[in-house]
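Data block below; observations after.
Count residues from 1 along the sequence. Heavy-atom basis, side chains included; hydrogens, waters and symmetry copies ignored.
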Amino acid sequence: MKKLKTEIIALCDYASISREGKLSVNGIFDEVRVQKFPGGLARAFLVATISGTPDTAYKLNLKIETKNNKNVHPSLGDTVLETVTGPNGRNNLVIELNGLPFQEEGEYQFKLYDGDHVVGSTLLRVLKVSGTNEGVSYKLPN
């Protein structure tokens, strides 16, 4: 049995999968700016293309962890994402995330697990900005 891994994993503003199985991704990001805490994402999507054994069912869990591996949203880890790879061993995942608060500034890893094995992860930086930013422009990293 081939070990499961991600070929693509990202956070974005919107994503969908067509009837033909094509993944569409809009607005990939790795940073969010908030004015106060708790603050964060009203709505976002985590997308992943997984690769493993052809025609195989997998049960995955999503966890959001800090650098010290603290799971900051434990209720997400209780969600089982059931998926089946196609004849080519791949499948696209789209996970909608609504009302996701963060308690403090920092780096957060969004990790997909198959049991104890990390299939893939992506990093989100949460930054605090001051409330009066009129006339101030930010240089975005992407």
Side-chain angles (χ1 to χ4, degrees), residues 1-133 136-142:
M1 189 169 192
K2 191 174 173 185
K3 195 172 209 177
L4 191 65
K5 65 178 183 175
T6 56
E7 293 179 357
I8 298 170
I9 186 167
L11 288 163
C12 63
D13 293 326
Y14 184 77
S16 64
I17 299 174
S18 71
R19 279 186 251 142
E20 297 83 18
K22 291 186 272 183
L23 178 64
S24 295
V25 180
N26 295 5
I28 294 174
F29 61 90
D30 60 3
E31 243 177 47
V32 64
R33 293 174 176 86
V34 298
Q35 291 183 357
K36 63 181 180 175
F37 290 98
L41 300 169
R43 182 179 185 211
F45 291 80
L46 179 76
V47 297
T49 298
I50 59 168
S51 176
T53 305
D55 301 312
T56 303
Y58 293 94
K59 291 183 180 182
L60 307 176
N61 293 89
L62 172 62
K63 294 184 182 179
I64 303 172
E65 300 175 352
T66 58
K67 280 186 179 179
N68 61 5
N69 290 330
K70 180 185 172 199
N71 187 6
V72 295
H73 293 286
S75 61
L76 281 176
D78 296 335
T79 305
V80 176
L81 308 166
E82 295 184 12
T83 186
V84 179
T85 54
N88 62 358
R90 292 184 180 147
N91 194 21
N92 294 318
L93 301 174
V94 173
I95 304 160
E96 186 173 0
L97 305 168
N98 289 309
L100 202 56
F102 296 95
Q103 299 302 316
E104 61 188 17
E105 191 172 50
E107 294 183 346
Y108 296 85
Q109 289 276 341
F110 287 67
K111 295 182 179 180
L112 275 177
Y113 283 89
D114 179 19
D116 292 333
H117 168 67
V118 177
V119 175
S121 68
T122 188
L123 180 73
L124 176 68
R125 287 177 189 85
V126 178
L127 305 171
K128 186 173 191 308
V129 294
S130 62
T132 56
N133 294 321
V136 175
S137 63
Y138 291 100
K139 184 177 181 201
L140 298 176
N142 298 336

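- Lys5 has no carboxylate O lying under 4.0 Å from a charged side-chain N of Glu7, or vice versa, which leaves the two without a salt bridge.
- Atom NZ in Lys22 sits 10.5 Å away from atom OG in Ser16 (nearest 0.5 Å).
- Within the structure, the ring-ring contact (aromatic ring centres under 6.0 Å, His included) test picks out the following pairs touching residues 41-72 (sequence neighbours left out): Tyr14-Phe45.
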List, one per line, each side-chain donor-acceptor pair under 3.5 Å for residues 114-121, sequence neighbours excluded.
unit_1 : atom_1 : unit_2 : atom_2 : d
His117 : NE2    : Leu4   : O      : 3.0
Ser121 : OG     : Gln109 : OE1    : 3.1

Original post:
Under the side-chain contact (heavy atoms from CB on, under 4.5 Å) criterion, do Leu100 and Phe110 qualify, and how do the steps go?
Top reply: CA-CA 12 Å; Leu100 202 56; Phe110 287 67; 3.9 Å; yes
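- The shortest distance between side-chain heavy atoms of Phe102 and Val34 does not fall below 4.5 Å.
- Figure legend: Lys128 and Phe37 shown without cation-pi pairing, the cationic atom not lying both under 6.0 angstrom from the six-membered ring centre and within 45 degrees of its axis.
- At least one side-chain heavy atom of Val94 sits under 4.5 Å from a side-chain heavy atom of Leu23.
- Summarising the geometry, atom CG belonging to Leu127 is positioned 8.5 Å from atom CZ belonging to Arg125; distances are rounded to the nearest 0.5 Å.
- Across every non-hydrogen atom of Leu62 and Leu97, the tightest pair is CD2-CD2, 4.0 Å.
- Taking every heavy atom of both residues into account, Gln103 and Tyr108 meet most closely at N-OH, 4.3 Å.
- Put simply, the side chain of Asn92 gets close to the backbone of Gly21: a donor and an acceptor are under 3.5 Å apart.
- Between Ile9 and Leu46, some side-chain heavy-atom pair lies under the 4.5 Å cut-off.
- Here CG of Asn61 is found 13.5 Å from NZ of Lys111. Values are rounded to the nearest 0.5 Å.
- With Thr53 contributing its side chain and Lys2 its backbone, the two residues share a donor-acceptor pair below 3.5 Å.
- Across every non-hydrogen atom of Pro87 and Pro54, the tightest pair is O-CB, 3.3 Å.
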Original post:
Can you check side-chain contact (heavy atoms from CB on, under 4.5 Å) on Leu124 and Ile64, steps first, answer last?
Top reply: CA-CA 10 Å; Leu124 176 68; Ile64 303 172; over 6 Å; no
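- In plain terms, the two heavy atoms of Leu112 and Ala48 that are nearest each other are CD1-CB, 3.9 Å.
- Between Leu11 and Val32, every side-chain heavy-atom pair lies at or beyond the 4.5 Å cut-off.
- Between the side chain of Thr85 and the backbone N or O of Asp55 there is at least one donor-acceptor pair closer than 3.5 Å.
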Original post:
Given Ile8 and Val25, is the side-chain contact (heavy atoms from CB on, under 4.5 Å) satisfied, shown in steps?
Top reply: CA-CA 11 Å; Ile8 298 170; Val25 180; over 6 Å; no
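- Taking 4.5 Å as the limit, some side-chain heavy atom of Leu81 sits within range of a side-chain heavy atom of Ile95.
- The line from CD of Glu107 to OG1 of Thr66 is 10.5 Å long, rounded to the nearest 0.5 Å.
- Within the 4.5 Å cutoff, the side chain of Arg90 has no heavy atoms near those of the Ile50 side chain.
- In this structure, Cys12 and Asn26 have side chains that are not in contact, with every pair of non-hydrogen atoms separated by 4.5 Å or more.
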